[in-house]
Amino acid sequence: MTEDPVASLEAEQQRLVLRQFTYEDAWNLGVLLRELAVARNAPVAIDVRHGARQVFRCALPGSSADNDVWIDRKRRVAERYAAPSFLVGARFRAKGTTFEESSRLDPDSFAAHGGSYPVTVEGVGVVGTATVSGLPQAEDHALVAEALTRLVNGLGHPGTLVNGPARTGG
């Protein structure tokens with residue numbers, strides 16, 4: 001029996017909820033993404049936003065200007081659907097279609113490819129995005145999910161411990 005990719009991605013999104021997301025947290029998330037990418041020699045561009053404000057942006061060796069365009073297209077999907085861009089694409093595929101065929105959105109402006117994740121704060125909702133471009137889409141998604149997992153678990157950038165596990169009751 002194979003696992004339902006949509007259900008798996010939805011469960012992941014439910015787990016990746018932060019207690020807070022300040023400008024400092026956005027910067028630290030960007031630094032963490034960069035550190036993870038450098039450790040893997042990943043040729044990516046990285047963008048982290050707090051609301052509509054870009055807080056962190058960098059391009060690593062091997063990335064190109066095309067990655068900047070992909071970041072913007074994937075970010076727009078994460079913002080519009082309040083879901084990871086990879087999950088949005090998976091939902092369309094699960095219905096037997098594609099995002100490009102059925103979303104009625106301009107594919108030059110929107111891409112439901114992995115790599116953009118909405119940043120969600122407990123009790124608040126989506127407050128920003130973290131986006132990576134330059135790897136195959138599943139790897140772009142996994143890189144952002146790993147960084148957010150570290151923040152949720154209080155294991156972010158060295159010297160920071162701002163989030164920690166979300167409260168689960170009482």
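- In terms of hydrophobic clustering, with Ile, Leu, Val, Met, Phe, Trp and Tyr side chains grouped at heavy-atom distances under 4.5 Å, Leu36 and Val48 are assigned to a common cluster.
- The heavy-atom pair separating Val119 from Ala130 by the smallest distance is CG2-N, 4.0 Å.
- In this structure, Tyr23 is not a member of the same hydrophobic cluster as Val126, with clusters built from ILVMFWY side-chain heavy atoms closer than 4.5 Å.
- The shortest heavy-atom contact between Ser85 and Ala111 is CB-O, 4.1 Å.
- By the side-chain contact (heavy atoms from CB on, under 4.5 Å) test, Val121 pairs with Phe21, Val124, Val127, sequence neighbours left out.
- Separating the OG1 atom in Thr98 from the CZ atom in Phe92 is a distance of 8.5 Å, to the nearest 0.5 Å.
- Inspection of the His141 and Glu12 side chains reveals an N or O donor paired with an N or O acceptor under 3.5 Å.
- For Ser116, the side chain to side chain donor-acceptor pair (under 3.5 Å) partners two or more places apart in sequence, or in a different chain, are Thr131.
- Using a 4.5 Å cut-off on side-chain heavy atoms (C-beta onward), Thr22 and Trp27 make no contact.
- The shortest distance between side-chain heavy atoms of Thr149 and Leu16 falls below 4.5 Å.
- Under the 4.5 Å side-chain criterion, counting only non-hydrogen atoms from C-beta, Trp70 is in contact with His113.
- Remark: Arg73 engages no residue in a salt bridge (charged side-chain N to carboxylate O under 4.0 Å, His left out) (not counting sequence neighbours).
- Remark: Gln13 pairs with Ala83, Pro84, Leu87, Tyr117, Pro118 by the side-chain contact (heavy atoms from CB on, under 4.5 Å) rule, at least two apart or across chains.
- The existence of a salt bridge linking Arg91 and Glu10 is confirmed by a sub-4.0 Å separation between a basic side-chain nitrogen and an acidic carboxylate oxygen.
- Contact between Ala90 and Val6 at its shortest, heavy atoms only, is O-CG2, 3.6 Å.
- In terms of modelled atom types and a separation under 3.5 Å, the side chain of Arg76 and the main chain of Ser109 share a donor-acceptor contact.
- Asn67 places no side-chain N or O within 3.5 Å of a backbone atom of Ser63 that could act as its donor or acceptor partner.
- One hydrophobic cluster, built from ILVMFWY side chains closer than 4.5 Å, holds both Val132 and Val31.
- Around the CZ atom of Arg34, the shell of radius 6.0 Å holds no more than 12 heavy atoms that belong to other residues, nucleotides or ligands.
- Ser103 contributes atom OG, which lies 8.0 Å from atom CZ of Arg80 (distance to the nearest 0.5 angstrom).
- When atom types are taken as modelled, the side chain of Asn153 and the backbone of Arg150 share no donor-acceptor pair closer than 3.5 angstrom.
- Here the closest heavy-atom approach between residue Gly114 and residue Phe86 is recorded as CA-CB, 3.5 Å.
- Residues Val152 and Arg15 are not in side-chain contact: their nearest non-hydrogen atoms beyond the backbone lie 4.5 Å or more apart.
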Margin query: Run Leu151 and Leu29 through side chain to side chain contact (heavy atoms under 4.5 Å, CB included) and show every step you take.
Written below: CA-CA 8 Å; Leu151 285 186; Leu29 176 57; 3.7 Å; yes

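- Looking only at side-chain heavy atoms (C-beta outward), Val44 and Leu33 stay at 4.5 Å or farther from each other.
- Residues Tyr81 and Phe110 form no side-chain contact, since every pair of their non-hydrogen atoms from C-beta on lies 4.5 Å or further apart.
- Of all heavy-atom pairs spanning Val144 and Gly115, the tightest one is CG2-O, 3.5 Å.
- Between Leu135 and Pro43, the shortest heavy-atom distance links the atoms CD2-CD, 3.9 Å.
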Between side-chain atoms of residues 53-60 and protein atoms elsewhere (two or more places apart, or another chain), which donor-acceptor pairs fall under 3.5 Å?
from	atom 1	to	atom 2	distance (Å)
Gln54	NE2	Asp47	OD1	2.7
Arg57	NH1	Asp47	OD1	2.8
Arg57	NH2	Asp68	OD1	3.2

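- To the nearest 0.5 Å, atoms CG (Asp140) and CD1 (Ile71) are separated by 8.5 Å.
- Atom OG of Ser133 is separated from atom NZ of Lys74 by 4.0 Å, given to the nearest 0.5 angstrom.
- Residues in residues 96-116 take part in no salt bridge (Lys or Arg N to Asp or Glu O under 4.0 Å) pair, two or more places apart or across chains.
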